[in-house]
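It should be emphasised that the depicted structure is a prediction, and the values quoted were computed from it without experimental measurement.
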Amino acid sequence: MNELDSLVESATQLFAQSATPADLENAKAQFLGKAGRVTELMKGMAQLSVDEKKSRGAAINVAKQAIEAALTARRQALADAELQIQLKAEALDVSLPGRQRGQGGLHPVSLTLERIEGIFGSMGFDVAQGPEIETDWFNFTALNTPEDHPARSMHDTFYVEGGTPEAPNLLRTHTSPMQIRHAVQHVKKHRAALDAGQPMPEIRVIAPGRTYRVDSDATHSPMFHQCEGLWVGENVSFKDLKVIFTAFCRTFFESDDLVLRFRPSFFPFTEPSAEIDIQFQTGPLAGRWLEVAGSGQVHPNVVRNMGLDPEKYIGFAFGMGPDRLTMLRYGVNDLRLFFDGDIRFLSQFQ
Ligand code: DAH
């Protein structure tokens, strides 16, 4: 092996031994730098004749190019290795399972409200929504509830800012104010027809929503749900209330032999009034009377407050507790579980 071949050989070897780009640049300087061995060889040609310079110069150039080629190859190899290390460090395992995202679902009481709306909707009832902060007028006065009625006492009602000392604002204690609100809207909408002596389309509505009372134990929560029902027309009777409410209960509980009982009661806004009890014939609750709603014929004063003539229009109303219906349907015995927000409880209803 001649001198130039062994020079290329030792350069290639030194390059191969350079483990980092910095090492490699140092190795390069030993051969191609200003004081490098190739440069020394060039300088050594000074004494040669012109012909010798030509052939010697050409040979040195071939060696120089070989060394440069080896350098380039090694640079590339080091860069590739660096890239591989980086890729490995940043590697994503696309075959790993994704992080679990909890699947949400409706609250059991929301499921009940949807069910109530679906069933009454199929019987031609609209669904109305109204404010949870109410005026004394809609919550009590318009519903024929006298000033001295116990339901007005501080113990039952959450009063809030606003209104006047005589008529303070409050958190609605029931959904019954929606009877007035909805009927007034309905009457307004059909005012022209009414004034022209034409028949008014019947009011058939339910109003589900949150209600509030100062009360808390296993069967009472300060926030609870109610669903109001109202049916007003010229030819409505107690029979209609019984028919629709029976159909509702049997559909809601998927129980055709469920029995209803209308037990005489008192509410300021109905006369006569009745509590509605149900009885299952089978299952864990069979044979017991369970109260599910208040109901009655809308009091003439309330019909008047709706803007209608009580001599002409007759109404039937009911108010039920969706929370209690949910407890009965799923066999839950503590109402507070619904509002604690514990996923372990709530997820069982999905
Ligand atoms: N508002 C009553 C309550 O909260 C329930 C009720 C009774 C509603 C009779 C009605 C009704 O519409 O006719 O206890």
Side-chain angles (χ1 to χ4, degrees), residues 102-120 127 129-134 139-140 149-161 169-178 206-229 245 248-249 251-255 258 260 263 265 267 275-280 283-295 318-350:
Q103 173 139 35
L106 287 179
H107 189 280
V109 174
S110 299
L111 293 172
T112 294
L113 292 173
E114 279 201 342
R115 221 172 145 70
I116 293 172
E117 290 172 21
I119 296 168
F120 277 102
V127 178
Q129 304 280 347
E132 291 170 28
I133 296 178
E134 259 302 0
N139 197 80
F140 293 126
H149 194 277
R152 287 193 181 211
S153 86
M154 292 296 291
H155 299 289
D156 291 325
T157 308
F158 287 107
Y159 286 95
V160 298
E161 286 179 2
N169 283 346
L170 46 84
L171 296 181
R172 65 179 178 188
T173 59
H174 52 179
T175 45
S176 301
M178 281 307 293
I206 60 165
R210 279 185 283 268
T211 46
Y212 303 84
R213 280 183 212 180
V214 185
D215 218 349
S216 187
D217 59 37
T219 51
H220 296 90
S221 149
M223 187 285 299
F224 57 106
H225 295 84
Q226 280 199 348
C227 182
E228 198 74 12
F245 211 83
F248 163 73
C249 290
T251 310
F252 183 87
F253 289 109
E254 297 165 277
S255 170
L258 186 139
L260 276 77
R263 182 163 42 85
S265 184
F267 297 102
E275 301 273 3
I276 306 178
D277 302 335
I278 61 170
Q279 189 187 77
F280 294 100
L285 298 169
R288 281 169 55 192
W289 285 110
L290 307 159
E291 187 184 314
V292 292
S295 69
F318 55 87
M320 58 184 156
D323 305 329
R324 184 160 161 72
L325 294 181
T326 312
M327 290 171 78
L328 291 174
R329 178 151 190 253
Y330 295 111
V332 175
N333 53 18
D334 191 333
L335 175 69
R336 290 168 294 196
L337 287 167
F338 288 137
F339 307 124
D340 284 346
D342 189 329
I343 296 288
R344 290 170 303 178
F345 172 73
L346 296 173
S347 61
Q348 296 176 61
F349 299 88
Q350 301 314 312

Has the side chain of Q226 got a donor or acceptor atom that lies under 3.5 Å from a matching backbone atom of H174?
no
Could you give me the CA-CA distance, side-chain angles and deciding distance for E228 and S176, then say whether side-chain hydrogen bond (donor to acceptor under 3.5 Å, both in side chains) is met?
CA-CA 6 Å; E228 198 74 12; S176 301; 2.9 Å; yes
Roughly how far, to the nearest 0.5 Å, is the CZ atom of F349 from the CZ atom of R329?
10.5 Å
Report yes if the side chains of I206 and M178 come closer than 4.5 Å at any heavy-atom pair, otherwise no.
no
N/O donor-acceptor pair under 3.5 Å between D323 side chain and L335 backbone:
no
For the residue pair H225 and P208, establish whether any side-chain heavy-atom pair is separated by less than 4.5 Å.
no
Could you please spell out the steps behind the ring pair (Phe, Tyr, Trp, His ring centres under 6.0 Å) verdict for Y159 and F140?
CA-CA 13 Å; Y159 286 95; F140 293 126; 7.4 Å; no
Below 4.5 Å, heavy atoms only, C-beta onward: do L170 and I133 meet side chain to side chain?
no
Which heavy-atom pair separates C227 from I116 by the least distance, and what is that distance?
SG-CG2, 3.9 Å
Give me the atom names and distance for the closest heavy-atom approach of M327 to A218.
CE-O, 4.4 Å
Ignoring hydrogens, what is the shortest heavy-atom contact between Q279 and G287? Give both atom names and the distance.
NE2-O, 3.0 Å
Donor-acceptor pair between N139 and T173 side chains, under 3.5 angstrom
yes
Please determine if R115 forms a cation-pi arrangement with F252, meaning its NZ or CZ atom is less than 6.0 Å from the six-membered ring centre and no more than 45° off the ring axis.
yes
Hey, what's the ring geometry for F245 with F120, parallel, tilted or perpendicular (30° and 60° as the breaks)?
tilted
Please confirm whether the backbone N or O of D342 pairs with a side-chain atom of D340, one donor and one acceptor, at under 3.5 Å?
no
Closest heavy-atom contact between T112 and P322?
CG2-O, 3.7 Å
Shortest non-hydrogen separation from Q350 to L346 and the atoms involved:
NE2-O, 3.6 Å
Compute the centroid of each ring, for Y212 and then for F224, and state whether the two points are separated by less than 6.0 Å.
no
Please determine whether side-chain contact (heavy atoms from CB on, under 4.5 Å) holds for the pair L106 and L111, giving the CA-CA distance in whole Å, both sets of side-chain angles, and the decisive distance to 0.1 Å.
CA-CA 6 Å; L106 287 179; L111 293 172; 3.7 Å; yes
Should R263 and D277 count as an ion pair when the cut-off is N to O under 4.0 Å?
yes
Is the number of heavy atoms from other residues, nucleotides or ligands under 6.0 Å of L290 CG greater than 12?
yes
One thing to verify: whether E291 and R324 come together as a salt bridge, which I'm taking to mean a side-chain N less than 4.0 angstrom from a carboxylate O.
no
Test your reading of the model: is there a side-chain donor-acceptor pair from S347 to the backbone of I343, 3.5 Å cut-off?
yes
